[in-house]
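Letters A, B, ... are given to chains in the order of the sequence lines, protein chains preceding strands, and every chain is numbered from 1.
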Amino acid sequence: MVVRIYPFIQERLSGLLLLIAMFIITFYYMRRGRLPYIRRVPALDAIEEGIGRATEMGRPVIASPGIAVSGIDYWTVGALGILAHVARLCARNGLRLLVPLGGSEQSYTLVEVARDLVESQYRLEGVPERFDINDLPFLSGRQFAWATGYVGMLMRERPALNVMVGLQWGSAMYIAEVSHEAGAFTISGSTYLSNIACLAVSSEYVTIGEEMVAAGAYLSRDPVQLASIRTQDIIKALMIAILILGIIALGLGSDIVKLILST
Amino acid sequence: MSSLFKVFANIDRRVWHLLTFILVGYTLLHPIGLPLKVSPEVKKAYEVIENLKPGDVVLINFDIAAFGWDEIKGSCLSMIPHIFSKEGVKVIFLTVQDQGYIFIERTISQIGKPMPGYDKFPWYEIQGKKYLQDYINIGFIPGFDKAIAALAQDFRGVVGGKDWYGNSIEEWLDKNGIKSAKDIDLIVTFDCAGAQSYFVSYWYVPFKTKILNAMIGVSAPGSIVNYNAGMLEGIVISIRGAAEYQYLSKYYGMALVSMDAFSIIQFMLLIAILIGNIGYYGWERRKEKR
Amino acid sequence: MSSLIKSREFLLAIIIAVSFFIYFPYFVESPKPIVDIESWLVTTTVVIASFAVMVSLYTMTRREVMRITKRVKGWPYSLLMMILAWFMIVVGVSLGKDATPFRFCADAFVLPGDSTIYAILVFYLTSAAARSFKVRDLESLLLLLGAFFVLMQQAPLGEYLFPYFGPIGSWLVNNLAMAASRVFTISATLGGIVLAIRLLAGKEMAMIGLIARREKD
Amino acid sequence: MDIGSFFVILLSTAVTFGLFSILTGVDNPFFAWAENTYVGGAVGMTIVVSFTWIVSNLIQKILSNPYVNWPLIISLILGLMMLLRVHPKYSYLARIPISIATGVGVAVSTRAAIFSGLLYQIRATILPIFDWRKPETAFTNLMIVVFVVTIMTFFVYTTELKGPLKISHRIGRLVLFASFGALFAQTYMGRLGLFLGAMETLLIPETNFRISITVALIMLITIIVLKRYYPETLNKLVP
C-alpha cells in the first residue's frame with residue numbers, strides 16, 4: 001500500500017500547530033498535576049451557597065444546561081458539568097431538582113444525555129429512588145416555547161435556586177427576570193457578550209467567558225483536571241505576545257505576523 | 001421628603017410595564033412627529049436606489065424568518081416600492097430561508113395589486129411593473145451560505161429554467177441579458193441571519209457587485225463592520241433605519257410612526273434609571289448606613 | 001458484550017475515533033473515504049437527534065397522561081396540551097406541513113408566541129435597568145455611562161437634543177464593546193479547546209458522570 | 001374578512017396577551033392556558049419537522065438506493081438504539097449514539113473556533129497604531145489594543161494577581177463593565193424594535209385594535225378581580 005502525504009489545506013496550518021501545541025501543554029500540566037494558585041470563581045462557588053439556601057427554605061432547585069442550538073458543543077458539555085454538580089448536591093441534600101429541557105431542534109440528544117446524567121448522580125449518592133423523570137420535562141424544540149414552559153415552572157414551583165448555563169439566547173433575560181420576581185437566587189451564563197450584559201443586570205451571579213466552559217474541571221476539585229486550566233492562560237499570554245509583535249512589525253511596515261496567522 | 005425617596009426606591013416594576021404599554025399604544029395611534037435625523041448610511045442606500053438606470057437588474061434577497069419579520073418589514077415596504085418606482089429596472093426576488101417565500105408574497109400583496117384578469121400569485125402588478133415582464137420570483141434556494149456561493153458561481157444553473165411557481169423564465173432571463181452573476185447590478189438583502197456576509201464574500205469580492213443591506217438590530221454589528229470596510233454600499237439598521245428610509249423615499253409607513261414611541265420609551269428608561277438612583281441615594285443608602 | 005459497552009474505555013474510544021475523523025479532514029487534505037466518514041458522522045448526529053425526540057415525545061406523553069388520570073391539580077391544562085400536540089402530529093404526519101388545519105394551529109398558537117416572547121423582553125429589560133443601574137461604585141458608574149451614551153445615540157429625540165453624545169455612543173459600540181466581545185470570544189474558545197482535550201483524555205466531568213452509573217451497578 | 005382568518009387573529013391575540021399576562025406577576029389561568037397551548041403546539045410542530053426529516057432524508061434515500069446509501073442504514077440503527085433509552089434493561093445501548101453525538105458536537109464546534117474564535121480575532125486586532133498622519137484612527141486603534149490586552153488579563157485564573165498584572169486586571173474589569181452598559185443599551189434598542197413591530201400587528205388595522213383592546217381588558221380585569229376578591233378561586237384555576 002502506498003501512503004501518500006497530502007498537502008495541508010491552505011490557511012489552516014497555523015490552527016493545526018496551535019491545536020497540537022495546546023494538546024502538548026495540557027497533557028504536560030495534567031501529568032504534573034496540582035497548580036500553585038487558582039483564582040476563585042464567585043459564580044461557581046455561589047452554587048453551594050444557593051443549595052444551602054434551598055435546603056434552609058425547603059424549596060426545589062431549577063437548573064438548565066441550555067438549548068444546545070448546534071448539538072452537544074463545548075458550551076453544552078461545560079454546562080453539563082455544572083448540571084452534574086448541581087444534581088449531586090441536590091441528591092445529597094434531599095432537594096427536588098427540576099430541569100426544563102429542549103429549546104432547539106438540535107437539543108433532542110441533550111435531553112436524553114441530561115436525564116441520564118442527573119439519574120446517575122442520584123445513583124452515585126445512593127438515592128436512586130428520589131430521581132423522578134417527570135421533573136425533567138421536554139418542553140418542545142422551539143426556543144420560546146421552552147422558555148415559556150421554564151417560566152411557568154418558575155412561577156409554580158417557586159424554586160430557591162436557578163442555575164441557567166449553556167447556550168442561552170434572548171430568552172435568558174426573560175427567564176432571569178421572572179426568576180428574580182419568583183424569589184429565586186439566579187446564577188446564569190451565556191455564550192455571547194450582549195446577552196451577558198443583560199444577564200449581569202438581572203442575575204445574582206454570571207459566569208463570563210471560559211468560566212462556564214472550565215466549570216467541569218473547576219467544580220471537580222481534581223488537581224489533574226484543574227491543571228488543564230493552566231493551558232488557557234499560557235495561550236492567552238502567547239496571544240498577547242503575538243499581538244504586540246504584530247503591531248510592532250506593522251509599525252515597521254511589515255505585515256508578516258498577519259500573514260503567518262492566515263497560513 | 002424622605003417618604004418621597006422611599007416611594008422612588010420602591011416603585012413596583014408593574015408601573016413601568018403598564019407605562020410602557022400605554023405610551024407605546026398611544027404614540028403608535030397618535031404620532032407626534034418628533035424630529036428625525038437621517039444617518040449617512042441610510043442616505044447612501046437611498047442614493048444608490050435613486051440612481052438606478054433603465055436596464056439595471058436588481059436581486060432582492062429575503063433572508064427573513066418569522067421572528068424578525070415585524071422588525072424588518074418597515075425596510076421591505078419602503079425600499080422595494082422605491083426600487084419598483086424606477087423606470088426600466090428589472091427585479092429578481094430570491095429567498096434563502098425556507099419560510100421566506102411567505103414574506104415575499106406578503107410584501108408583494110401589500111405594495112402591489114393583482115394584474116387585471118388574475119387573482120392569485122405570482123400575477124401581481126407593482127407600481128405598474130408586471131410579473132414575468134419586469135420582475136420574477138425564483139423563490140427558495142436551499143443551502144443558505146452554500147446557495148449564495150453556488151448562485152455566484154453558476155447563476156443560471158442554480159436558478160434553473162423555472163420560477164417558484166413553475167413558470168418558464170429562460171426567455172425572460174435571456175431577454176434581459178442575465179447570463180451569470182456578473183450581470184446583476186445591485187443586490188438588496190433583507191437579513192435576519194446575516195446573509196450579507198456571504199454576499200460580500202461570494203459576490204462583492206469577485207465581481208464588485210453593489211450590495212445594500214437592511215437587517216434586524218441583532219445582526220447589525222456584522223453589517224456595520226462590512227459597511228465601514230466599504231464592502232456594503234449602504235445599510236438600513238432595524239426600525240430606526242427603516243424610518244429614515246421611509247422619510248427619505250416618501251413611502252411613509254409604520255416604521256416612521258413608531259420612531260416617536262422609540263424616543264419616548266428610551267427617555268422613559270432614562271427617567272426610570274434616574275428615579276431609581278434618586279431613591280437609592282435618598283432612601284436605600286441612608287437605610288444601609290443606619 | 002454488555003460489560004464492554006458499559007465500560008468507560010469503550011465509549012472513550014468512540015469519542016476519540018469520532019473526533020479524529022472530524023479534526024483530520026479539516027486540517028489536512030484527505031482521501032475521499034475519510035471525508036465521506038466525516039460527512040456521514042455529521043448526518044448521523046442529526047439522525048440520532050431526530051430519534052431522540054421520539055423518546056422525549058414518549059416520556060412527555062406518559063407524564064401528561066399520568067397527570068390527567070391521577071387528576072393532579074391543573075390536569076385540564078395537560079389535557080389541552082396533549083390534544084393540541086397530538087392533533088398537530090397526526091395532521092402534520094398524514095397531510096403534510098402545508099395542510100390547512102396544521103397551518104391554522106401554527107398561525108394561531110405557535111407563531112404569535114415566538115414574536116411575543118421577543119417583545120416581552122423590553123419590559124423586563126426596562127424593569128431590570130430601573131432596579132440595577134444604581135451608582136454604587138466605579139463599576140456601576142461606568143455601566144450606567146456606557147448605557148447612557150448609547151441610548152442617546154440611538155433615540156432619534158436624544159440625538160436631536162444632544163448631538164454631541166451620538167459620536168461617543170457609536171465610538172463605544174464600535175470599539176469598546178467590540179473589543180470586549182472579541183476577548184470574550186477568545187477566552188471562551190480557549191476554554192472550549194481545553195475542554196475538548198479534557199474530553200479526549202477521559203477527564204471531563206460531564207462524561208465521567210454519565211458513565212459512573214453503570215460501574216456502580 | 002373570512003371566518004378562518006378572524007379566528008386566527010382572535011386566537012393569536014389571546015395567546016399573545018395570555019403570555020403578556022405574566023407581566024402582572026400573578027400566576028393566572030390565561031398565562032397557564034397560553035403556556036400550555038404554546039408548548040403543545042410547539043411540540044406538535046417539532047415532532048412533525050423531525051418526522052418529515054427522517055422520512056425524506058433517511059428512509060426514502062435508503063429505500064431508493066440501498067447499495068449506495070448503505071451507511072445511512074448504520075445511522076438508522078444508531079437512531080433506533082436511541083429509542084432503547086426507555087427500556088430499563090437495554091438503555092445502556094443508547095450510550096453509543098450519545099458518545100458519537102458528543103464527540104462530533106465538541107469536535108465540530110472547536111475545530112472552526114480555532115480560527116474564527118482565536119487566530120482571526122488576534123489578526124483583526126493587529127492594527128496600525130503608529131500612523132501619525134491620521135491621529136484619530138491611530139488613537140482609536142491604540143485604545144482597541146489596550147482594551148483587548150487589559151480585558152485579556154481579566155481572564156487570568158492561574159497566576160496570582162500582583163503588580164502590573166493586578167492594575168491591568170482592574171482596568172480590564174472597568175472596561176468590561178462600560179462595555180456591558182453599551183451592549184445593554186444596544187440590545188435594548190433591538191428588542192424595542194421587535195416590540196414595536198409586535199404592537200403594530202396588535203393595533204393596526206382597526207379590527208385588530210378592537211380585538212386586542214377587548215382581549216387585554218377582559219384579561220386584566222379578570223386577573224385583578226380574582227387576585228383581590230377571590231384568591232382561592234384563582235389558586236384553583238392554575239396548575
Side-chain angles (χ1 to χ4, degrees), chain A residues 6-9 12 15-16 19 22-23 26 30 71 74 77-78 80-81 84 102 106 108-109 111-113 116-117 119-121 123-124 133-134 137-138 141-142 144-145 147-148 170-171 173-174 177 191 193 198 201-202 209-210 213-214 216-217 219-220 224-225 228-229 231-232 235-236 239, chain C residues 23 26-31 45-46 48-50 52-53 55-57 59-60 63 66 110 113-114 116-118 120-121 124-125 127-129 131-133 143 177 180-181 183-188 190-199 201 203-213 216:
Chain A
Y6 287 83
F8 289 103
I9 292 178
R12 288 189 183 160
L16 181 63
L19 189 66
M22 287 181 77
F23 258 96
T26 312
M30 291 211 309
Y74 58 80
V77 176
L80 282 171
Q106 297 289 315
Y108 307 143
T109 319
V111 176
E112 297 309 320
V113 175
D116 206 357
L117 187 68
E119 194 182 351
S120 62
Q121 296 303 325
R123 271 170 193 265
L124 284 174
I133 200 165
N134 294 334
F138 168 66
R142 292 180 80 86
F144 292 123
T148 311
S171 51
M173 182 67 194
Y174 173 46
E177 273 297 289
T191 50
L193 200 63
C198 297
V201 176
S202 69
E210 64 203 68
V213 192
L219 293 170
S220 72
V224 176
Q225 292 190 51
S228 68
I229 298 177
T231 315
Q232 288 158 224
I235 300 293
K236 254 172 258 163
M239 290 293 142
Chain C
Y23 282 125
Y26 186 75
F27 290 108
V28 181
E29 204 167 295
S30 316
T45 49
V46 186
I48 291 169
S50 305
V53 76
V55 180
S56 297
L57 177 68
T59 49
M60 181 190 172
R63 172 181 190 240
M66 197 191 77
V110 183
D114 289 359
T116 306
I117 303 300
Y118 253 133
I120 225 169
L121 286 171
Y124 285 118
L125 287 167
S127 60
R131 190 179 74 236
S132 359
F133 277 21
L143 185 76
S181 309
V183 180
F184 179 87
T185 316
I186 293 175
S187 158
L190 277 173
I193 298 169
V194 173
L195 180 141
I197 297 171
R198 270 205 305 275
L199 187 73
K203 292 255 190 278
E204 181 48 42
M205 172 130 137
M207 207 186 84
I208 294 170
L210 201 62
I211 290 156
R213 166 183 161 192
K216 280 239 161 176

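In this structure the side chain of A:F138 reaches within 4.5 angstrom of the side chain of C:V53, judged on heavy atoms. For the pair C:T45/A:Q106, no side-chain contact is recorded, criterion being any heavy-atom separation below 4.5 Å from C-beta on.
Note that CZ of A:F144 is 7.0 Å distant from CG of C:D114, once rounded to the nearest 0.5 Å. From C:I48, atom CD1 reaches atom CD of A:E112 across 12.5 Å, with rounding to the nearest 0.5 Å. Residue A:Y74 holds its OH atom at 14.0 Å from CG of C:L199, rounded to the nearest 0.5 Å. How far CD1 of C:I197 is from OG1 of A:T26: 3.5 Å, rounded to the nearest 0.5 Å.
Residues A:E210 and C:G191 share a closest heavy-atom pair of CB-CA, 4.2 Å. Between A:N134 and C:R63, the closest heavy-atom pair is O-NE, 3.0 Å.
Heavy atoms closer than 4.5 Å to chain A are found nowhere in C:V183, neither backbone nor side chain. Heavy-atom distances place both the backbone and the side chain of A:S202 under 4.5 Å from chain C. For a residue to count as touching a neighbouring chain, one of its non-hydrogen atoms must lie under 4.5 Å from one of that chain's; by this rule A:T148 touches chain C with the side chain only. The part of C:L121 that comes within reach of chain A is its side chain, from C-beta onward, which places non-hydrogen atoms under 4.5 angstrom from that chain. For A:M30, the part lying under 4.5 angstrom from a heavy atom of chain C is the side chain only. Both the backbone and the side chain of C:A49 come within contact range of chain A, with heavy atoms under 4.5 Å apart. With a threshold of 4.5 angstrom between heavy atoms, A:V111 approaches chain C through side-chain atoms but not through N, CA, C or O.
Side-chain atoms of A:Q225 never come within 3.5 Å of backbone atoms of C:R198 as a donor-acceptor pair (strictly under, hydrogens ignored).
Per-residue heavy-atom pair counts under 4.5 Å with chain A were compared for C:A201, C:G192, C:S132, C:A52, and the maximum is reached by C:G192. When each of C:T185, C:L125, C:V110 is scored by its heavy-atom pairs under 4.5 Å with chain A, the top score falls to C:L125. Ranked by heavy-atom pairs under 4.5 Å with chain A, the first of C:F184, C:F133, C:Y124 is C:F184.
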